[in-house]
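Here the structure is laid out as structure tokens; the discussion comes afterwards.
If you read the sequence from its start, that first residue is 1, and numbering goes on from there. All ligand and atom numbering here is 1-based and tracks the order in the structure. These numbers were taken from a predicted model, which means no experiment stands behind them.
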Amino acid sequence: MTMLPTDARILKALRQSGHALAVPDLALAAGIPPGELARRVEELRGAGYEIALVPHAGYRLGAGPDRLIADDLRARLEGAALAREIVVFEETGSTNDVAARLARGGAAEGVAVFAERQTAGRGRLGRRWESAAHKGLWFSLLLRPRISVAEWSRLTTWAAVGVARGLEAVSGGAAKAAIKWPNDVYLAGRKSVGILIESAADPVAPYAIAGIGINVNHQPDDFPEGIVATSLREAIGTGDPLDRMAVAATVLRELTALYPVLHDDFPALLAEAEARSLLVGRWVEVRTPMGLMRGMAEGLEPDGGLRLRREEGRLERLSGGEVSVLQW
Ligand code: BTN
């Protein structure tokens with residue numbers, strides 16, 4: 001749906017008021033004559049927004065459509081620097097590819113590319129990422145970090161902490177988010193989020209793409225056989241589907257708020273990632289390009305890597321790998 005800025009303003013005013021808003025006040029907030037409001041509201045209803053007219057009180061917003069609508073997201077995210085521009089596809093191959101194309105075309109930092117469905121969603125290590133239609137949030141952020149390219153590995157820590165904070169915030173504290181190094185966020189002991197950072201160290205205009213997949217409204221049957229995962233909805237446990245746009249807005253706001261921290265105070269991000277870590281203090285096995293390593297995960301390194309104390313006592317500093325926990 002293409003929404004006019006006026007419609008976005010109507011939704012924003014209704015959302016902010018939290019209750020019924022009198023017709024003249026709503027018309028004023030939307031910048032239209034009161035006589036035009038009824039027609040606009042009817043259009044929004046047609047697009048799936050529940051808007052009730054409460055006698056003697058005005059319009060009240062109920063549930064919205066279970067669709068990602070760029071203008072609505074824009075209205076919810078006004079001022080979030082990492083989502084200055086929002087693009088929503090009903091279907092695309094991989095949002096990371098779309099964002100990379102925009103980056104190569106010279107787009108500035110702060111474009112968020114969403115897709116309701118990805119036909120070639122990918123994960124780390126060339127794996128396929130299941131992107132069920134309308135169940136989750138599959139999106140990519142175009143970034144041009146102002147730290148040296150050698151430090152861009154920090155982006156994974158930033159993304160994991162930002163998403164973890166966002167999911168906890170939308171759950172109202174009902175879900176606790178943990179990070180499984182290097183790039184997974186877990187809820188209720190299962191993977192709920194995957195993060196794929198891809199970058200191009202072009203000397204003139206380097207860019208990074210933070211690809212984030214969040215399982216939001218999946219129920220157990222929505223995951224293909226063999227995939228052990230959960231969703232935010234399952235982790236919260238009330239059974240009700242969540243407003244995916246509200247989840248997206250909260251996560252993007254957290255990521256935006258933490259972006260300066262990535263640049264100016266990375267140790268603070270690391271400390272939070274360590275506190276949320278599923279691995280630190282556990283015996284783990286890590287599959288690395290140098291082979292399989294077993295040991296105790298002691299902590300995170302200043303660049304976001306994993307500090308592993310091997311069985312024979314040697315210390316390894318790992319920049320990536322596939323980790324299995326040996327003892328929970
Ligand atoms: C992983 O767990 O291996 C990372 C998964 C990353 C999935 C997201 S969904 C949005 C973006 N587009 C992709 O093709 N992948 C990332």
Side-chain angles (χ1 to χ4, degrees), residues 68 70 73 82-83 86-104 111-143 152-153 155-164 166-167 177-187 189-200 207-218 222-224 226-232 244-245 247-248 251-252 255 273 277-279 286-289 304 306 319-325:
L68 301 176
L73 273 168
L82 293 188
I86 298 172
V87 188
V88 177
F89 288 90
E90 185 55 32
E91 180 180 298
T92 192
S94 157
T95 55
N96 267 30
D97 290 340
V98 178
R101 262 198 306 277
L102 294 171
R104 286 194 297 271
V111 184
V113 180
F114 286 81
E116 287 286 19
R117 178 189 306 117
Q118 295 183 113
T119 51
R122 62 173 177 275
R124 285 170 67 233
L125 312 168
R127 293 191 187 127
R128 186 183 147 69
W129 177 261
E130 284 302 328
S131 324
H134 308 116
K135 295 283 175 198
L137 290 169
W138 326 125
F139 66 99
S140 302
L141 304 176
L142 160 50
L143 307 170
W152 283 15
S153 59
L155 285 167
T156 310
T157 309
W158 159 76
V161 172
V163 173
L167 297 189
I179 297 174
K180 178 164 176 265
W181 182 90
N183 68 337
D184 295 340
V185 176
Y186 272 50
L187 297 172
R190 288 181 174 208
K191 178 165 172 168
S192 315
V193 179
I195 295 165
L196 177 66
I197 308 284
E198 296 178 318
S199 58
Y207 65 84
I209 307 298
I212 299 176
I214 306 177
N215 299 331
V216 179
N217 277 331
H218 300 62
D222 293 322
F223 294 109
I227 292 198
V228 182
T230 193
S231 66
L232 182 58
R244 287 180 304 132
M245 280 197 282
V247 178
V251 167
L252 281 169
L255 288 168
S277 173
L278 269 183
L279 305 183
V286 192
R287 193 174 296 279
T288 76
L306 184 70
S319 58
E322 202 52 19
V323 188
S324 320
V325 177

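Ranking protein heavy atoms by distance to atom 5 (C) of ligand 1, first place goes to Trp129 CE3, 3.4 Å. The protein atom (non-hydrogen) at minimum distance from atom 3 (O) of ligand 1 is Arg124 N, 2.6 Å. Looking only at protein heavy atoms, the nearest one to atom 2 (O) of ligand 1 is Lys191 NZ, 2.6 Å. With hydrogens left out, the protein atom closest to atom 15 (N) of ligand 1 is Arg122 O, 2.8 Å, a heavy atom.
In this structure Ala248 satisfies the side chain to side chain contact (heavy atoms under 4.5 Å, CB included) test together with Leu73, Phe114, Leu137, sequence neighbours excluded. Partners of Pro224 according to the side chain to side chain contact (heavy atoms under 4.5 Å, CB included) rule, which considers only residues two or more places apart in sequence or in another chain, are Glu130, Ile227.
Although no hydrogens or angles enter the test, the distance criterion places a donor-acceptor pair under 3.5 Å between the side chain of Lys180 and the main chain of Val323. A donor-acceptor distance shorter than 3.5 angstrom exists from the side chain of Ser231 to the backbone of His218, with no hydrogens or angles considered. At least one donor-acceptor pair under 3.5 Å links the side chain of Arg124 to the backbone N or O of Gly321.
A salt bridge does not link Lys135 with Glu116: every distance from a Lys NZ or Arg NE/NH1/NH2 to an Asp or Glu carboxylate oxygen is 4.0 Å or more.
Counting the atoms of ligand 1 from 1 in the order shown, those under 4.0 Å from a heavy atom of Gly123 are 1 (C), 3 (O), 4 (C), 5 (C). Atoms of ligand 1 lying under 4.0 Å from at least one heavy atom of Ile195, given by number and element, are 4 (C). Listed by number with element, the atoms of ligand 1 under 4.0 angstrom from any heavy atom of Thr95 are 10 (C), 11 (C), 12 (N).
Checked by distance only, ligand 1 and Ser94 come closer than 3.5 Å through their nitrogen or oxygen atoms. Close N/O approach between Trp138 and ligand 1 is not found [any backbone or side-chain N/O within under 3.5 Å].
The residue among Gln118, Glu198, Arg127 with a heavy atom at the shortest distance from atom 9 (S) of ligand 1 is Gln118.
Using 4.0 Å as the threshold, Gly121 has a heavy atom nearer than that to some atom of ligand 1.
Under the 3.5 Å distance criterion, with hydrogens and angles disregarded, no donor-acceptor pair is assigned to the side chains of Thr92 and Gln118. Ser192 and Asn215 share no donor-acceptor pair across their side chains, judged by distance under 3.5 Å alone.
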